[in-house]
Amino acid sequence: MAGDKEKKRHGGDKEKTSRKKDRYEESLATSPVVDSLQPQKKRKRESKLEQSNRNGVEEEWYGDKEFEDVQSESQASAKGGVSRDRKGQKSRDDGSKGSIDTEPPRSSSRSDEKAPDLRFGDRTLKKTKKRKNEDQSEANGAQDPPSKVKKRKHEQVSTPRDEDERHDLKHAKLLKKFEKSIKAKRPVTENVQETSAFDTGTAIVAQGLEPLPQPEPVAETSEKPTYSTMPDWITNPVTKSPYDREDGQPVKFENISLDRTVVSKLEKHGYSEATPVQATVIPLLLDEQHRHRGDLCVSASTGSGKTLSYVLPINQSLQRESVARLRALVIVPTRELVKQAREAFEACGSNLRIGTAIGSVVLKDEQQKIIRWDSVYSPEKYNADQQRTMSESDWAEFDLLKYRDEVVRAGDLAPQYIQVARPNIDVLISTPGRLVDHIRQTEGFSLRHLQWLVVDEADRLLNESFQEWVSVLMGALDKEKTANIGDSVLARIGRPIQSPYPRKVILSATLTNDITKLNSLRLENPKLVAIGSRNMDSNEERVKHEAEQFVLPPSLMEHFVPVGDGFEKPIYLMKLLLMINKSKWNSLATPAYASVVGRKSNEAAEDSSSDSDSTSSSDDTSSSDEASDSESDSDSESSDASPDESESSSDSDSETSSIASETSPVASASNTGVTSVLIFTKSTESAARLSHLLSLMNPSLESQIGTIVKSNNSSSSRKTLKDYRAGRISIIVATDRASRGIDLVGLGGVINYDMPTSLTTYVHRVGRTARAGKSGQAWTLVEHREGLWFQKVIVKSENVVRSGNGVKAVRQEKNSKAMVAEYTAALEGLEKAVKG
Ligand SMILES: Nc1ncnc2c1ncn2[C@@H]1O[C@H](COP(=O)(O)OP(=O)(O)OP(=O)(O)O)[C@@H](O)[C@H]1O
């Protein structure tokens, strides 16, 4: 009886709890707020629900707050809660063993397998569903196995069956709804839950992480600008072909406004016709009729005669006056070019007083040469000087030597006369750094009377700071301009007067079109003369070729020599030297190189027989294929593939292919009589090492080799140039110091032993040959890793205007064992020499 009562009470509690739970589930399933805004709370509720199901014990249900409170309370203290849980757990475990069968049959779990995996928070719902299914099974008691029915009968004693059925039916509907809504959200929640579980083990429902709707991607326009961003004077240059002279006839100097005396002087030097750049520029600077009233920028290939194109107009426009005034300033980057420009003035019989300023000379010595001290009658200044007392700052700057010089000069002065320092030259040719020294430190150095300002190799000078020469020079010119205005009589009577800036002539074979740099020279009404550049008549052309254009001399032949990985580059160089001039250096060939020069020696014969494969292709005409033809294969090779590699992938042993005999460029080089070469290396150290190494590899070459490098002692470079001009040496190893402007008359070939670092450098290096219309050849040794760059930047560049020859490949025989042995011995010798 008491048991029945207990059962009844228990059954009533259960029923009450079950109803509460149903209500809660209903609200949970249908509430979008719970669904979307309170995922954490929802999860807690669900896990609570799950836990209660797992325990098999009907817990009292609370509101959210209450639930949390109770949970924390129970966690903090309630041991009973724990024991109740444990008890509940035990009872479920037992149930699974079959002793108390409160669980639905395992088949329901199989149906769960088929059901979508809701995981984490969703799993709670599955469990809840299971629970409901159990209830449902109970409701359909007839279908249950008898044992279970029996068991349930025992449970149903205290639960009104029809009421349970009603609830179960209701729950089933709600759960179905809820499950639907969960399914709809699954793709997002699943992903996020996976990540969350990985990170923290806690289920997090993604909110607001759905990708935002994106606008349709805007199709990329392939439109190109239809207008040039360059100023009109750059895009509309005066162009003239370097090949076609006016009416096909050469332009005579006498026809371009030059004085007869100058013309005859030039003729004496062998210059009877003007080069295209001279024929264009001289009238623009000199001729009253064609003269351009403004500044001139000149872009013309190396060796085209740019120097005379400014020297002749300056020389003719500045007549020698009784008193020298600095009226022309020529700025060039190196002392060698200072010397060359001076020689050009002398060549045209100039009687102007020419001064030079280069860094290697002591400043004071230079000052004495370019500055003179005049005695000027000036009683006011004389008296002021007499009464002047030395201030503190005067003492701080006091220079005893300067004072001594002043006293010596003053000894000759008549009373009321003072000394005034003035430039004693008409033309100054200077390097930029030394010019800055004179502007800052040389007393009496004045640009007041300057009429011409020439900047040769302008791109180099504008690219490098050289003691901020541009701003110092422009500042000095500004100062003189203001001083002129202040002094002028017109200014004193209130009439504005513009003192003109000097006329500027800016030249280079690789003239920049960087307008900011050019503007730093404050060009006035500039005009560009671009000799040999592509004609840019149409706007389209102008836009297309907005970048600088460098024109290579039309008489230049370019080659490249593949040298594999570069480890044996000196051997390739030695072979090249021997090959390009059979008459000059071949007699000096060591036995190791006998096969190269066509001499037979036992050793060489031995070598060549062992290399018979390599020589078998000696008349392979493809050896002079244009590099440009080979590009198609380059992509299939590694990105560092050299032009040689890309040329013929089947001929992978390119090093073994031999030089073509009569038809090879090398053979033709010997026919054109290349008797002297300039070899470029990347640094002073490399140049010194290479020249030494060549001498060690072949001692008879030693007397033929000189160097031009940057060093504190300029005498070695001077000696090299002197020896070259005297015909004592024929091989010059140099750094890029020699790449700009140097005019080595009769130089037949240039070898880029080390790859130039830019197209500009390449243009200037190879431009040391093929000058003034003479033929010349250039060879570039190309390592595997440099191949692609060489091809892209040098061979295929759109910025280069070539006469159409292209760059041709020169293949060499495989380096023989004897060559390698000789080279190894030379290397050892070099090492000993370096170590001392
Ligand atoms: N009219 C001419 N006829 C024959 N030779 C000339 C003439 N003008 C100049 N030359 C010679 O041409 C060579 C190259 O001249 P120049 O040095 O002026 O060239 P460049 O254009 O300044 O070259 P780079 O850009 O390399 O400095 C010099 O040897 C010079 O003597």
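Start at 1 and go down the list; that is how both ligands and their atoms are numbered.
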Do the non-hydrogen side-chain atoms of Phe445 and Leu435 ever get within less than 4.5 Å of each other?
-> yes
Pair up each side-chain donor or acceptor in residues 254-265 with any protein partner under 3.5 Å, not counting sequence neighbours, and list the distances.
unit_1, atom_1, unit_2, atom_2, d
Asp259, OD1, Gln316, NE2, 3.2
Ser264, OG, Arg260, O, 3.3
Ser264, OG, Thr261, O, 2.8

More than 12 heavy atoms from other groups under 6.0 Å of CD on Glu267 = yes
Would you say Lys682 has more than 12 foreign heavy atoms packed within less than 6.0 Å of its NZ?
->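 Result for NZ/Lys682: open.
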Show which side-chain atoms of residues 460-467 pair as donor or acceptor with protein atoms under 3.5 Å away, not counting sequence neighbours.
unit_1, atom_1, unit_2, atom_2, d
Arg460, NE, Glu464, OE2, 3.2
Asn463, OD1, Lys517, NZ, 2.7
Asn463, ND2, Asp459, O, 3.2
Ser465, OG, Glu468, N, 3.1

When you pair each N or O of ligand 1 with protein N or O atoms, which pairs come out under 3.5 Å?
unit_1, atom_1, unit_2, atom_2, d
ligand 1, 1 (N), Glu273, O, 2.7
ligand 1, 1 (N), Gln278, OE1, 3.0
ligand 1, 8 (N), Gln278, NE2, 2.8
ligand 1, 17 (O), Arg771, NH2, 3.0
ligand 1, 18 (O), Lys306, N, 3.4
ligand 1, 18 (O), Thr307, N, 3.0
ligand 1, 18 (O), Thr307, OG1, 2.7
ligand 1, 19 (O), Gly305, N, 3.3
ligand 1, 19 (O), Arg771, NH2, 3.4
ligand 1, 21 (O), Ser304, N, 3.1
ligand 1, 21 (O), Ser304, OG, 3.4
ligand 1, 21 (O), Gly305, N, 3.2
ligand 1, 21 (O), Lys306, N, 3.0
ligand 1, 21 (O), Lys306, NZ, 2.8
ligand 1, 22 (O), Thr307, OG1, 3.3
ligand 1, 23 (O), Gly303, N, 2.8
ligand 1, 23 (O), Arg771, NH2, 3.1
ligand 1, 25 (O), Lys306, NZ, 2.7
ligand 1, 26 (O), Arg768, NH1, 3.1
ligand 1, 26 (O), Arg768, NH2, 2.8
ligand 1, 26 (O), Arg771, NH1, 2.8
ligand 1, 26 (O), Arg771, NH2, 3.3
ligand 1, 27 (O), Glu457, OE2, 3.3
ligand 1, 29 (O), Asp743, OD1, 3.3
ligand 1, 29 (O), Asp743, OD2, 2.4
ligand 1, 31 (O), Tyr271, OH, 2.4

Salt bridge (Lys or Arg N to Asp or Glu O under 4.0 Å) contacts in which one or both residues fall within residues 274-283, not counting sequence neighbours | none
